[in-house]
Structure formats: C-alpha cells, structure tokens
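Letters go in sequence order (proteins before strands), and every chain restarts at 1.
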Amino acid sequence: MTQLNRRTILRGMVNGAKVGMALPFLDIFLDVNGEALAATGQRLPVRFGTWIWGCGFIPERWIPTAEGSGYTMPPDLEPLAAYRDQMAIFSGFDVKLDGVANKPHMTGNLGLRTGIPVPTETVRAPTFDVLIGEVIGQGSRFRSIELSASGIERSYSFRGAGSPNPSEVSPVALYQRIFGEGFQDPNAASFTPDPRTMVRRSVLSAVTDDRQRLMRTLGAADRQRMDEYFTSVRQLEQQLELQLQPPAKVENFTMPQAPAETVVDADVEHVMVNHKIMAGLLAQALACNQTRVFNMLFSDTASNLRRSASSDTHHTLTHEEPVNPKLGYQEQVAWFAAKSMVACRDFVDALAGIKEGAGTLLDNTLLFAHSDCSIAKSHAVEGIPMMVIGKAGGRVRTGYHKAGRADAASRVGLSIQQAMGVQVEKWGTGSMDTNRTVTELVA
Amino acid sequence: MTAGDGYRRRAFLKGGVVLSAGLLLASASSERAAQASPSPEAPRQATGGLQNEVFRNGEAGFVVTEIAYALGPDGKDGACPAGMSAGVRGLIEALAKTPAGQRGADENQQSYERRMNMAVQTKSDGQNICLNPQGASADPGWRMVSGKVKVDGFDLDAREPGASRSRRVDTCSHEEFQGTQGERGVDNQWYRVVGCTTGFQSSGQANSWQTEMYTGSWGILMTLKGVDDLRNDPEVQIGFYANADPLELSAARAALPYATYAATQDERYRATTRGRIVDGVLMIDPVDLRFHNIVNSMTDDRILRAARARFRFTPDGGITGLLAGYTPVENMYDLQYGARHSRNAKGELAPERLRLGTSVGRAAVLGHTCNGAYQALYQAADGDRDPKTGRCTSISTQYKIRFAPAFVVDARTQSVNAPLALK
Amino acid sequence: MSVMIARTFKPSTLRRIGLGLCLALAGGIGWAQQGAQPEPAAVVEPKPLGGPLLMRRLTESQYRATIADVFAPDVAIAGRFERGLREDGLIAVGTSHGSMSAFSLEQYDVSARGIAAEVTGEKRRAQFVPCQPKSESTFDKACATRFVTDYGLKLFRRPLSPQERDRFVQVAQAAQAKLGTFHQGLEYALIGMLDSPHFLLRMERAEPDPQQPGTMRLDGWSKAVRLSYFLTNTTPDAELLRAAAHGELHSEQGLARQVDRLLASPRLASSVRAFFWDMFQFDGFNDLFKDPAIYPAYTTAVARDAQEQTLRTVVSLLVTQQGDYRDLFTTRETWLSRPLGILYRVPVATRNGWERGEYPANSARAGILTDVSMLALHSHPGRSSPTLRGKSLREIFLCEKVPDPPANVNFSIVQDAVNRPGSTARLRLAEHNDNPVCAGCHKLTDPIGLTLENFDGAGSFRAKENGAELDLSGSLDGKDFSGATGLGQAMHDNPSVTGCLTEKLYRSAIGRDIAGNEEPFVEYLMGRFEAESFRVPALMRAIALSKTFYAVSPALDQGPQRTAAAAAKKGNRS
C-alpha cells in the first residue's frame, strides 16, 4: 500500500493517479497529458487578447458584493452569466500614479498596460500584449491583430513610444486582410519546428544523463527527493516535445463569407453590429492560427458612443449628467456601461462558438477585458474594472471575484504575462512595481 | 503625542525637521530642532480627543484632506429666480434663430453642429473666446445668484478681530450674503458668479477639483507654533506650504493621519502669518497664499490674497473650517475656465491644443460660456480695487477645508516622484 | 500525546522540564526551573558524533546571492520561487526535506534561460566568457571546455568530473550545430548546468578520513560549501574554493584562516539577516492580511518595511556593533521609514529610505518584540491576540512548542465581545478560560501576550481598548512584570533565550534537527556563547571552527558512490 504522506501529495501522484491538490500549474500537465488536444491529435495553441471599453463602470452595479466563487452576479455583469465559470473578476486594483499627472482616459489605461503611468500618450515600455505576443505569437501569420468597433482608428497596443499598432475599423477591410490574398488553408500548412526547442530538449536529456549513477549515491529519503526532481524534468521535456509537433489542424474549418458593407460610426447600435461581425471574423482567424494575439477596442477610452438622435456621447454624459439622487449614480452613463457588458458577451460568444478539441476556442484563450478608469466623472484610476475570461488552455484559474483592496493593478498584468509564459518576475515602476503574482489566477 | 508611545528623534538628524515633535522651518535651523526641549508639554486640553497627542511643545503639523469652494444653495433651491445660465447651448440656440445659424443645403448634421459650435466660441477677429476672453461679446444667457439665500462664509471686508497688523483690501461695493449661522456681511462673490451654472450645482462636477490631490499631484500643509491653549491663545504662528510629497492614503483611499510630509522649498508656495485662538476658533492675520492646482495634467497656481481663517479643532486631532480671501479674477478665470497660462509637467506653457480643448470642453460640459464667465467675474469682483480704473480685480472666495494631523518636515530630500519625473 | 507541550530545546544545564501536559500546567504543576545552580559549561568540544550527508536545496536568497556572485549582481533572475518549506520552525531545516515540483523546475528553467542568454549574449559576453572562439561559426572545443570547466566549478562548487565536463561540452557543440553560433552553444551548455541538480541542490560528499582510518569525513569542497552558506549565505568565493582545492580546510589553521576571513566580510550581515528572517518566520507576511477599515495605516509598504525595520535592528546590533544578543529585547535603537512613521505616529524626514530612530526612555516600546513586525504578524486581521503573541514568542525565542487549540472550541464569547464597550482581551480570555480544556495552554501564552496589549493588531499604540484601561501585568516562567518593556527585560534575563538561539543557529547551520546525543555539543556552544558575552558572530565562529559542524557518519543507505574516492577504493567503507 502506498502511504499517503506529505511528500507523495506534493509530488501530485499516488500510484500514478492524480491527486486533486492545488499544485501550481498542475492544470497544464493535465492538458499536456492529453485533454487539450484537438480531435486531430494536435496541440492547441493558446491565445491572448485584450478587450477594452471606455469610461468605466457603475461600481454598485458591477462589483460583486462577495469575493470568491459564491458571489451573486451583479446586474451589469448579468449578460456574462453564462460564462461565470470561465471568468475571473478583478475589482479594486489601482493604477498607482505616484503623483504623475493623470491625463484623463489615458494615464490609467496605459498604466494598466505598461505598468508605468505616464502623463501623456508617450508610453515608456511596450504594452504587455506586445510582450506576450513575443512569446506566444511566434509562428502565426500575424503577430497580432488590432480592431476598433466604434470607428476610431487607434489602439492601445504600443510597441514603444509613438509606435502604436493601428486598428482595423471596417469589417470588410478586416476580412480582406485575413481571408483575402495570402490566406492559406490551415489544414495544409507546412510546419517547421523551432530549433531552439529541440536544443532545449537535448539540454534536459544531458541533465538527466547521470540519473542512475546519482540515484545510487543517495539515501532513501534523498533518493525520493531526487526522483521527484527527475519527474519534474520529464514534465518539462513533455512540454517541449509537444511544441515540436505541428500545430493544430482546424476542425471543420470553412472559409468565412465576406461581410456586407456596414455603416461605420459611433452610433451604439451600429457599433454593436460591427463589433459582432469583427468578433466572428477574429475568432475564425484565431482558430486557424492566423494570429494568437489581438486587441479589440470596443469603445474608445473617452467613449464616443452615442445613442441615435442624441447629441450626448457616453463620455460627455459622464461629465454632464447629474447623479440621479434616487439611484445614486448617473442613469444614462449606467446605460452605456451596461451596454458595454452586452457587447463583451457578444465577443465572448464568438470565441465560445468555435469548437476546439474537447472544448472551445474560448477554453484556449485568455481574454483580458478592462476599462480606462473606474468612475469616469472623476477620471479615477483607482479600482479600474478588469476581467480575465477564458481558461488559456488551463494556464489560468477562473470562476471567482477577487477584490484588490487597492493593490497595484500591475499585479494582474504581471500575472497574465506569467501565465502566458513571459519571463518576467517583476513589472511596473514606482508603486506599480510588483513581483506579486495574483495566485488565484496563476499559481 | 503621549509619552506612552513613539520615538524621540535622534539629535543628529540631518536636513531639518519636524513639527508636532518640534516644528522646524528651513533646513538651516536644524540645530534648533536638536536643541528642542525633550520634555513634551501639551497645550491645555480644552477640546478633548486627541489634540494633546498632536501638539508637542505647542507645535503641530497638518495636511489638507478636503478642500472645495464653500457655496450656497442650488439654483432650484431659491438661488436663481431668473433661471440657470444657458451656457454654450444657449448661445447656439440663439444663433440658430438668426440667418447665419441656418443649416446649409449641402451641409450634413455633423458639420452643421461643428460650425455652430465654432461660431459661438470664436470672436469676430477669429480668436477663440476661451483663450482670449477680453473684448468678446456679452453672454445674454449668464445668470448671477440673485435669490436671498444663506451662504457659507464669513465677513472679509471687516477688520479681522484682534489682528495685530492692519491689512485691508480695497473693496468695491456689493451685496453681501447672510451666513448659514445668521452671520451678516458674508463675502462670497465667487458663489454669486457660479451659483447658477450647472457645473457648480451640488450634483455637478465643477467643485471636485481635489481629486488630483488624492492622486498625489498637489497638496497643502499647515503648521502651528506657539500654541499654549487650544481654547484661547492671543498669539500663535501659522505656516502654509505646498506639500512636496503625495498624500498618504489607506487601502480604502482615505488620507492617513500622522504621515510625514516635506514642505516645498519653493518660496512662492510658502507663507507664514500670526493668529490667535478665540473661544476655540483659530483666526489668522491676512496673508497671501499660493498653492498648486492641476487639471488635465496641466498646472496652474491657485492664489488667495489676504487670506483669513475660521478654524476649529476636531476631536480626531484634525482641524475643520473656512479659509477665505480674494482670488485675482485673471487667476480664477484660468483655474476654472480658460486655461490660458497652464503649464505642462516641465513648467512650460502647455500645448495650445490641450489648453484649448480643456477650456472649450469645460464650457461644453459644465454649462458656462467663457465670455460670460469672464464678464461675470469682473462684474462681481469685490477686492483689490485698481485706484486708476476704480474697478476691482479680485473676487472674494471661501474654501471649506479639513486637515488631518501630520508631521511637517522642512528637509531638502529627493522627491518620491523623482523616478517617474519626466526629463 | 496531542496535548503535550514539547520543548524542543532541553539542554541539561538548565534542567528545564521538557515535556508537560497543558492541563497539568494549568493545575499549577511545574514549568518552573529546577535546580538553581547551572552546571559549568563544557569548555572543550565533546567528541564529534557526525550526522548524515545532506542534500540541501538552495533557498531563494541563496540562489539569488549565488547567481550574483558567480556572474554579476545585475544579472536578472526572471523565474519565480516556491515558498520555502518550514520544518521544525526553520526553512533552513526544510531545505533538507523540500521537494522540487514541476512548477519549481519550470521556473528554475525560466531563470536559467534568462541568465544564460545574458551571460553569453553579445552585449556582455566579453565580461563573462573567458575565451574567444577562433570563429563564431566553427566549434572551438578548447574554449567551450574552458567555459564549462570554469563555470562548472563555480556552479557545482567542485570540479566537474571528466564525464560531466564532456557532457556539457557536447551540449554546446550540438546546440551550435543546430543554431549556428558558438555562443549559442555556450548558452545552452550553461542552461544545462543551471538546471542541474548539482547546482540547485547542495549535495555533500564524503571521503575516507586519512587521519582516522575506517571513518569518513566531508571532502574539502563540501566543507567549503557548508561553511560558505553558513557564514555568508552564498556560494564559496574564489579564495575558499582555492583553499578547498588545496585541502586547507582539513587543517585547523587553514580552516581558522578562512573562517575569520569570512566573518570579517560584509557578507556576514547577509547571513545573519537571512537566519533571523527565517527564525522570525517573516515568510508569514506573504499571507498576512489586515482589515483596511480597522487598520487603515497598515499597507503593503508597511508590511514590507516592518520586516526590514526589525532586520536592520538585528544587523545593526549584532553585526555592526557586535552587541549582546539579549539586548535585542531591550534596545531602544531602531530604524524608520515613512510608511512606518504613520503607524508609529512619528515624523520621518527621509523620503526614500531609512533613518535611525529611537524608542524614548519613557515610551511603551523597547526591543524588537515591540516592533510592528512582531506585533502585527502575530495578531488577527482585525484585533490583537495575546494568545498568538504569547505562542509565537515561546516558539520563536524559547524553542517551545505550544499545541494548537482543539478544533471544537466555541469562540463565540471571544468574538461577540470584541467590540463591546469596556471589553478587553483580558476579560474576554478570562471568560474563555472558564473552560478548563482551554485554560491549560492559555496559561502558557496569555500572561506573556497580555503585556503587549497596548499595541493593536497592526502594532500601533493604544492607551485603551473599547474605552477601558488596560491591565498590562503578566509573567514569564514565574517572573512577574508589567507592559512590553517589562516583557523585554524578562526575555533578556531568561536563560532559555540564549540557549534557544544557540540551538536554532546550529540547526540552521547543519540543516537538520539535532539528535538527542548531540546535546552535549549544544551545551558546549552555549558555554562558548556565554563566554563571548552572547555575541552572535562569536557563536557562529565557534560553530564554524568546531569539528562537529563538519563531522559525518553517512547513514547506512547512503551508498558508497557518494564518496569521492569510492571508484578507486571500492568497498572501503564500513
């Protein structure tokens, strides 16, 4: 009989069976052991993207009152209720300004994405989607794809100061770029493994070369410890071996139809339509490995969205509309905030609508959704709403609400990068400088 | 501070130190701090609470945690019987009734709106009104507070009771308010100007400029010295300084008491005066003050001339009350309306596009016009009469203010913001 | 056995009761000191007994210091570290038990790739690579061999065997063949060494002792490693490796020369700091949470600086001033930063750093027990805890083990009354202790902890609790006193305090628990400690110069291959 002691539990295995203990990154190994393989037997890549909406939220309608998994879905998140288990909600994380002048709608947003608050649009580091793209975006056709649904041709993805990645604003142009000239059938794509991965695998076998000799030198307890070391090396080798296989073939891939011309402007109803079409095209592009990284700008940070026949934009309403004394918040602003979450649901629907392996594209994606501020009328950068949606192939844990208690928002950015494999131990500057992983999200 | 807790500072402390446990102004006088008597003696306790922890050797430091204009009731509560100011929209509506304001046949809605907006914000010489308000046409839609309402504030053109130095501001005649506690002669002409614009209603957003204080962009410190009795003391010394450090906040973003802050070394943002405590109310001899104000990442000075105070000590060790004086009209216009002289982080004049956008944007969202504001300010101005023109150039302004106890040091140390400062 | 209290430290000089039932103690039966006259401490080191060969994992601080010393302090370490395993009160002991998860290895590999890329990269290779290849595109075996040999020695803390050396040279050659350039080859050879168990674990080796045939001794390299990580918390430096290579550590003079050299180095402070961080259990700050509504001044910065404050006091008193360990409990000197100033309610002029401070003579604070670190770490999220404070003080400083409470205790009395006007912890605990099951253990903890009650759960001073005056009287091992300064003095005067430190420092040095028959050696160390006026560096010197510290008698199942000379003298082992 195998004795179940601390050591065997920590090793995560008892007689080869998995023990349901929260071991760091155990999920990955489950995936590696086969669950996240496509029906074609191929490895499924992990994707990352951001989804941003402007002008924040109404805290009392968005922040769950309880932490952890047992929270009651707040009214403005109700559209996303179907994705409750695939969603982690982060409230109360601050962009720490350290006295840096707050350029409204910009400083908080870029602080969140670079870890460094700036008083202008001059970023002092690449936005973290670029850093993630450098790790996971290799080998796909586009390093990343930027989209904007409200007609504004900009993005908040920066390779460096003054080097933003511009957005596609038209569904038709987006279709052309991805599925027009130069598009190849993914199921026929040739594959060249990364030679560095091959070398890394050979390094690990050199490390394990004298295993037998080494084990003979050890007492029983240390032999067990060393055995675990070699088991861990084996896990790492397995990850590398999978990276050396050709990428996933796409199941049931059919060429999407070119979309019809649509009106591109800031009328919220038009924006919803364009956004949905773009989300669908993007999901197809992700599925057939055209890109693994994307940035969707649903509404600009100083949101220009407006309702038909109204001259007020979402942004001006945040400054003009009086607080409804009965509700305690600005009613029309709240309408736009709620609408933004409906749009978010549309986007997630598009990802979840594509089958991959035993799950969906969403299961292999990490979608980071956030705004530029918390309470727009004061441009507050404290408590900017953020969500992680999707399981990223098991690299992140979801299904809860976490309150940041004024911790630096860079903790979330750091953790996401770590989950996506970026080699970063600390991130941000000044009070945003953190090495504290959000352990609920990644171990 | 009680004898029960806390440290005594080591005598070798360099730089210069400290209030509360021995206020020390100017780094040159560090020896004085070192010689400060180690035996703490709290002022006679009259207010209860923590005040005896806050004072040591009759000295204490404070940091501003809340500041906003003291205003009267909203327009709907009787302040504006003639209605609210119409703002930019009013001008556009008026223009739309003229031939020049008609939409052209080949003009779509968007370009029509843009043209109308431009037209009402541009002078006949083509200059933008917000950045060049002089000589602009009148705004017929502007409304002053004209209702008989009670207003927060106190009398600024009376001689300060007990003032050791007589310093009066030459004033212009104006109708005075009755105070909320029944006081007479309350001077609050700033409220008269803004009380009927939407941005300055209690539900509006024009009076929330302390937000940037909470992000650490600016702050205000105060020191008290020579306090022997918190109830009645014929002479105390008061210092006001711009804070060189960001406000220290709790996780819930509340200002924390007992933090240490350094007073600015820039003489323009330092001022001292004398005062007295009468029946628990701290008053000061009129003193000219200058603080920082930051909006949209642009800096302006916030000036208050011949400032006086009505402060009370609170049981939590802090201070609350009114700080009032006269704001130069040109300065107030820059602060709240047209950002004509706003500076960027490097201290240079901020880009015109940013100043223009801010000024025009404010007019659009806060319900005023720049020409109306400029004219109303001069119309209501009640201080610093120019003997040549007979016209007043500053406007009585009352601030509601709250302080928490703090340690104010006067040391030339590197700013915590230095790593983030732009070149 | 579950309700027994175990005193893990029980040297016979003190004749303390090692084991006793809480219930028995509640009934007033002993915990008193027996035998008033201490026996004279041994002045000569007892015959060394020898322990097993150890395989200790580098701690996070050791890994960082090692990489900084082998390469450069600014070489980035990108991986994350698993939290150290705490065994019997010390992570240092846990390093001999700790497991190596897949997560850990993955993170070590992340660090290794980052380090290797930086070391062999174009920008810095001139600084780190000891030779230049004839050409970047053809494999230069001599240069690769030199690189592997040099860094192999530094990273494995011993020369590589020819097989090991050849293996890593082959890795370099194969990597160059695949990737194209010579330095890429070196990069992957270095990754291999950094991922190797010979780097990540301190694997000790024994050899036959020529002076005492038939017995084994640590080989010179293993001695150097024990010594180096003990005194400097980092890898052996070049001089120590040289001494090891020449067998100098086997002679008393040679050893003493190295010991005194390392004790004089600035690295001693790092080692003292690392030990006390471990002993004080400051890793607990990783998951310490305070209710921000109750303790608004307790911020992330405070949690960080509170630890630093105490460690600065430790290093300043024990290393810089070569002071008496017992004075840690009474010293009025301390260190301050701005965030701490808010909690202590004192001005701190220095903006971005530390300045010396002092607990005034008339203040309630003195010694590290009144530091925010100690007070906050051993409190609840929203209130202080005399019980937790008393328990931790016994465990950390007196080497006693206080049992956890039984699982089924009804705490509602304590909870309900927390905010009741006039309620104090003393009154609440008195109600709680009507239950005799609880009273026994609380008698061990509460009379200590209640003397700290004028510091709240975040460590700030309070004159009253819920409006009630505080009774700060208490006792420790039969000695009555009042308040935190009284407690500090009682700790200072308690003989167990220095004995416990001696034992913990030795256990930290050897990375394992002490066997019963090793007590005479601990007593010998205690005598030396006392003779040296309780100066901690002097105690470290006594350990580092002792024969016992290096003595090994490999366990029966530690195979013969672990000995360096085994291949040559097969079977030469008892």
Side-chain angles (χ1 to χ4, degrees), chain A residues 92-108 111 116-122 124 265-266 302 309 311-313 315-325 328-330 373-383 403-408 428-433, chain B residues 74 76 87 89 92 109-110 113 117 198-199 201-206 208-219 243-247 249-254 292 294-299 343-346 350-351 354 357-358 361-362 364-367 415-422:
Chain A
F93 284 88
D94 295 359
V95 171
K96 304 284 187 191
L97 295 179
D98 288 331
V100 165
N102 182 5
K103 183 175 167 61
H105 309 290
M106 198 57 71
T107 301
I116 309 172
V118 284
T120 59
E121 281 180 52
T122 310
R124 302 179 75 180
D265 68 5
S311 58
D312 296 316
T313 69
H315 175 236
T316 59
L317 281 169
T318 64
H319 293 292
E320 278 175 87
E321 186 189 0
V323 169
N324 179 326
Y329 51 77
Q330 297 165 307
C373 59
S374 53
I375 299 169
K377 65 177 179 181
S378 58
H379 303 121
V381 297
E382 297 80 17
R405 299 194 169 77
D407 263 5
T429 58
S431 300
M432 290 282 277
D433 179 359
Chain B
D74 282 352
K76 64 178 168 48
R89 282 181 196 191
I92 291 174
Q109 181 66 25
Q110 208 177 350
E113 282 174 13
N117 212 25
T198 52
Q201 304 306 296
S202 54
S203 60
Q205 290 160 28
S208 57
W209 39 271
Q210 75 168 25
T211 304
E212 300 285 352
M213 184 173 79
Y214 274 76
T215 65
S217 291
W218 58 269
N243 192 352
D245 293 311
L247 198 59
L249 301 178
S250 73
R253 293 153 207 138
H292 297 289
I294 294 178
V295 168
N296 264 8
S297 76
M298 297 185 295
T299 304
R343 305 183 297 273
N344 66 12
K346 298 179 202 166
L354 183 57
T358 299
R362 277 172 176 164
V365 303
L366 298 177
S415 164
V416 286
N417 296 340
L420 287 162
L422 294 174

task = Provide the closest heavy-atom pair for Ala406(A) versus Ala251(B) in the form atom of the first, atom of the second, distance.
result =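 Between these two residues, the closest heavy atoms are CB-O, 2.9 Å.
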
ask   = What is the minimum heavy-atom distance between Gly99(A) and Ser217(B), and which atoms define it?
value =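 Scanning both residues completely, I find the closest heavy atoms to be O-OG, 3.9 Å.
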
By side-chain hydrogen bond (donor to acceptor under 3.5 Å, both in side chains) - contacts of Tyr214(B) (at least two apart) =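 side-chain hydrogen bond (donor to acceptor under 3.5 Å, both in side chains) check on Tyr214(B) returns nothing, list empty.
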
inquiry  = Taking side-chain hydrogen bond (donor to acceptor under 3.5 Å, both in side chains) as the definition, give me every residue that meets it alongside Thr198(B), ordered by chain and number, with sequence neighbours left out.
reply    =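 Testing Thr198(B) for side-chain hydrogen bond (donor to acceptor under 3.5 Å, both in side chains), a comparison that skips the adjacent residues, returns none.
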
Side-chain touch Pro104(A)/Asn296(B), heavy atoms, less than 4.5 angstrom =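 Of all side-chain heavy-atom pairs linking Asn296(B) with Pro104(A), at least one is under 4.5 Å.
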
Contact origin within Ala364(B) toward chain A - heavy atom pairs under 4.5 Å =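 Contact with chain A: backbone only.
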
query = Which bit of Thr215(B) comes within less than 4.5 Å of chain A, counting heavy atoms only: side chain, backbone, both or neither?
reply =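 Both backbone and side chain.
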
key: Heavy-atom contact with chain B under 4.5 Å, split by part of Glu321(A)   =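 Interface part for Glu321(A): backbone (N, CA, C, O).
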
message = Under 4.5 Å from any heavy atom of chain B, what part of Thr318(A) do you find: side chain, backbone, both or neither?
response =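 The answer is the backbone of Thr318(A).
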
key: Neighbour count >12 (heavy atoms, 6.0 Å) for atom CD, Gln109(B)   =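 Yes, the 6.0 Å shell around CD holds more than 12 heavy atoms from other groups.
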
key: Members of residues 375-383 of chain A whose heavy atoms come closer than 4.5 Å to chain B   =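 Those residues of residues 375-383 of chain A which have a heavy atom under 4.5 Å from chain B are Lys377(A), Ser378(A), Glu382(A), Gly383(A).
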
query = Does Asp407(A) have any salt bridge (Lys or Arg N to Asp or Glu O under 4.0 Å) partners at least two apart in sequence or in another chain, and if so, which?
reply =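 Per chain and number, Asp407(A) pairs via salt bridge (Lys or Arg N to Asp or Glu O under 4.0 Å) with Arg411(A), Arg436(A).
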
